[in-house]
Amino acid sequence: MKKLALTLSVLAAFSGTVQAQGDEAKGQQVATTTCLACHGMDGNSMVPMYPKLAGQHQGYLLKQLKEFKQGAMSGGKEGRNDPIMAGMVMTLNEEQMADVSAFYASQTISAGAQVDAETQAKGEKLYMGGDAQRQITACAACHGPKGEGMNLAGYPSLAGQHPDYIKAQLEKFRSGARANDLNGMMTGVAKNLRDEDISLLSQYISSLK
């Protein structure tokens with residue numbers, strides 16, 4: 001058991017995953033005053049451009065919040081730069097970030113978009129198998145066959161997410177506008193995606209559950 005615990009801790013440290021405890025009740029209070037308008041009370045945003053946070057891994061949520069603050073304080077030179085989130089996170093300390101992350105992680109994400117049979121088939125092929133000729137790694141390798149992600153490795157859950165938000169993030173990774181991915185993994189994958197690939201994956205991933 002000690003060996004297993006050590007292995008997991010090393011994996012978490014290597015991956016950059018932020019491990020933290022948080023108070024869900026306190027996190028709900030923070031969400032009510034700071035996050036409600038964009039992300040909804042239970043983390044299921046009703047606005048497609050804002051991500052659903054419900055059910056996301058706590059470590060991933062906390063990492064993003066810290067990096068939004070880092071981006072705001074460095075003028076976008078470090079972390080993750082977003083003008084809307086910058087104004088939100090600047091008022092939060094690390095304890096509050098851990099609390100709100102714990103709260104949203106405890107919620108249940110709503111169902112994503114439904115797709116037609118053709119999109120389902122093409123999306124599944126690219127998501128599960130990638131495209132070796134174009135050096136596109138299978139999304140499932142990191143995010144799981146059902147889009148559940150990998151908590152200890154720091155890979156987010158994607159299932160049920162708004163397709164518009166997924167599309168926007170893939171485009172940002174492709175252009176370099178977003179670069180807070182571990183070891184540049186998403187940047188490396190996204191740079192080889194065509195517009196039609198991004199549209200297809202965004203719809204397919206949203207339909208996962």
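Here, residue 1 is the first one in the sequence, and each next residue gets the next number. The analysis underlying the following values was restricted to heavy atoms, covering all of them including side chains, and did not include hydrogens, waters or symmetry mates.
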Residue pair Asp164, Ser202: steps toward the side-chain contact (heavy atoms from CB on, under 4.5 Å) verdict:
CA-CA 7 Å; Asp164 288 3; Ser202 300; over 6 Å; no
One should read off an interatomic distance between Arg194 CZ and Asp131 CG, to the nearest 0.5 angstrom, of 7.5 Å
Here's a test for you: under side chain to side chain donor-acceptor pair (under 3.5 Å), which of Ser110, Ser206, Ser45, Ser157 qualifies with Lys52?
Ser110
Please determine whether side-chain contact (heavy atoms from CB on, under 4.5 Å) holds for the pair Arg174 and Thr187, giving the CA-CA distance in whole Å, both sets of side-chain angles, and the decisive distance to 0.1 Å.
CA-CA 6 Å; Arg174 184 175 64 179; Thr187 302; over 6 Å; no
Do Ile198 and Leu126 sit in the same hydrophobic cluster, where Ile, Leu, Val, Met, Phe, Trp and Tyr count as joined when their side-chain heavy atoms come under 4.5 Å apart?
yes
Kindly compute the distance separating NZ (Lys172) from NZ (Lys167), expressed to the nearest 0.5 Å.
11.5 Å
Under the 3.5 angstrom rule, does the side chain of Gln96 hit a backbone N or O of Asn93 as a donor-acceptor pair?
yes
Could you report the tightest heavy-atom contact between Asn44 and Thr108, atom names first, then the distance?
ND2-O, 3.0 Å
What closest approach, in Å, do Ile109 and Gln161 show between heavy atoms, and which atom pair accounts for it?
CD1-N, 4.2 Å
Just by distance, do the side chain of Ser207 and the backbone of Ala113 share a donor-acceptor pair under 3.5 Å?
no
Within a reach of under 6.0 Å around CE of Met41, are more than 12 heavy atoms found that belong to other residues, nucleotides or ligands?
yes
Kindly say whether Glu148 contributes a backbone atom to a donor-acceptor pair with the side chain of His57 at under 3.5 angstrom?
yes
Evaluate the side-chain proximity of Lys66 to Leu62: yes if any heavy-atom separation is below 4.5 Å, no if none is.
yes
Would you say Lys69 has more than 12 foreign heavy atoms packed within less than 6.0 Å of its NZ?
yes
So which heavy atom on Tyr50 is nearest to which on Tyr165, and how close?
C-CD1, 4.4 Å
More than 12 heavy atoms of other residues, nucleotides or ligands under 6.0 Å from CD of Gln120: yes or no?
yes
Judged by modelled atom types alone, do Asp99 and Gln28 share a side-chain donor-acceptor pair under 3.5 Å?
no
Which value, rounded to the nearest 0.5 Å, describes the distance between Glu118 atom CD and Leu200 atom CG?
9.0 Å
Would a single hydrophobic cluster contain both Leu53 and Val89, if residues Ile, Leu, Val, Met, Phe, Trp and Tyr are joined by side-chain heavy-atom contacts under 4.5 Å?
yes
Flag the pair Pro145 / Met128 as yes when at least one side-chain heavy-atom distance between them is below 4.5 Å, and no otherwise.
yes
Strictly distance-based, threshold 3.5 Å: is any side-chain N or O of Thr119 a donor or acceptor partner for the main-chain N or O of Val115?
no
Thr34 side chain to Ala31 main-chain N or O, any donor-acceptor pair under 3.5 Å?
no
Around Glu196, counting heavy atoms of other residues, nucleotides and ligands shown, do more than 12 lie under 6.0 Å from its CD?
yes
Give, for atom CD of Glu78 and atom CE of Met73, the distance between the pair rounded to the nearest 0.5 Å.
10.0 Å
Counting only N and O atoms by type, is there a donor-acceptor contact under 3.5 Å from the side chain of Gln135 to the main-chain atoms of Asn192?
no
Check this for me, if you would: do Asp181 and Arg80 make a salt bridge, where the nitrogen-to-carboxylate-oxygen distance has to be below 4.0 angstrom?
no
Is there a path from Val189 to Leu182 through hydrophobic residues (I, L, V, M, F, W, Y) whose side chains come within less than 4.5 Å of each other?
no
So, taking the atom named NZ in Lys146 and the one named CG in Leu208, what distance separates them when rounded to the nearest 0.5 Å?
10.0 Å
Please name the pair of heavy atoms, one in Phe68 and one in Asp82, separated by the smallest distance, quoted to 0.1 Å.
CE2-CB, 3.6 Å
Determine whether Met97 and Met90 fall in the same hydrophobic cluster, where Ile, Leu, Val, Met, Phe, Trp and Tyr are linked whenever their side-chain heavy atoms lie under 4.5 Å apart.
no
Is there a donor-acceptor pair closer than 3.5 Å between any side-chain N or O of Lys191 and the backbone N or O of Phe173?
no
So, for Gln107 and Asp42, which heavy atoms are closest and what is the spacing to 0.1 Å?
CB-O, 3.3 Å
Looking at side-chain heavy atoms only, is the closest gap between Cys38 and Val47 below 4.5 Å?
no
Keeping Asn183 on the side-chain end and Met185 on the backbone end, is there a donor-acceptor pair under 3.5 Å?
no
Taking every non-hydrogen atom, the tightest pair across Leu170 and Met186:
CD2-CE, 3.6 Å
Examine distances only and state if a side-chain atom of Lys209 and a backbone atom of Gly147 form a donor-acceptor pair shorter than 3.5 Å.
no
Is it the case that the side chain of Ser199 and the backbone of Asp195 share a donor-acceptor pair, with hydrogens and angles ignored and the cut-off at 3.5 Å?
no
Hey, are Asp197 and Arg134 close enough for a salt bridge, meaning a charged N less than 4.0 Å from a carboxylate O?
yes
Connected via hydrophobic side-chain network under 4.5 Å: Ile166 and Tyr127:
yes
Considering only heavy atoms from C-beta outward, does the side chain of Phe103 approach that of Val30 to under 4.5 Å?
no
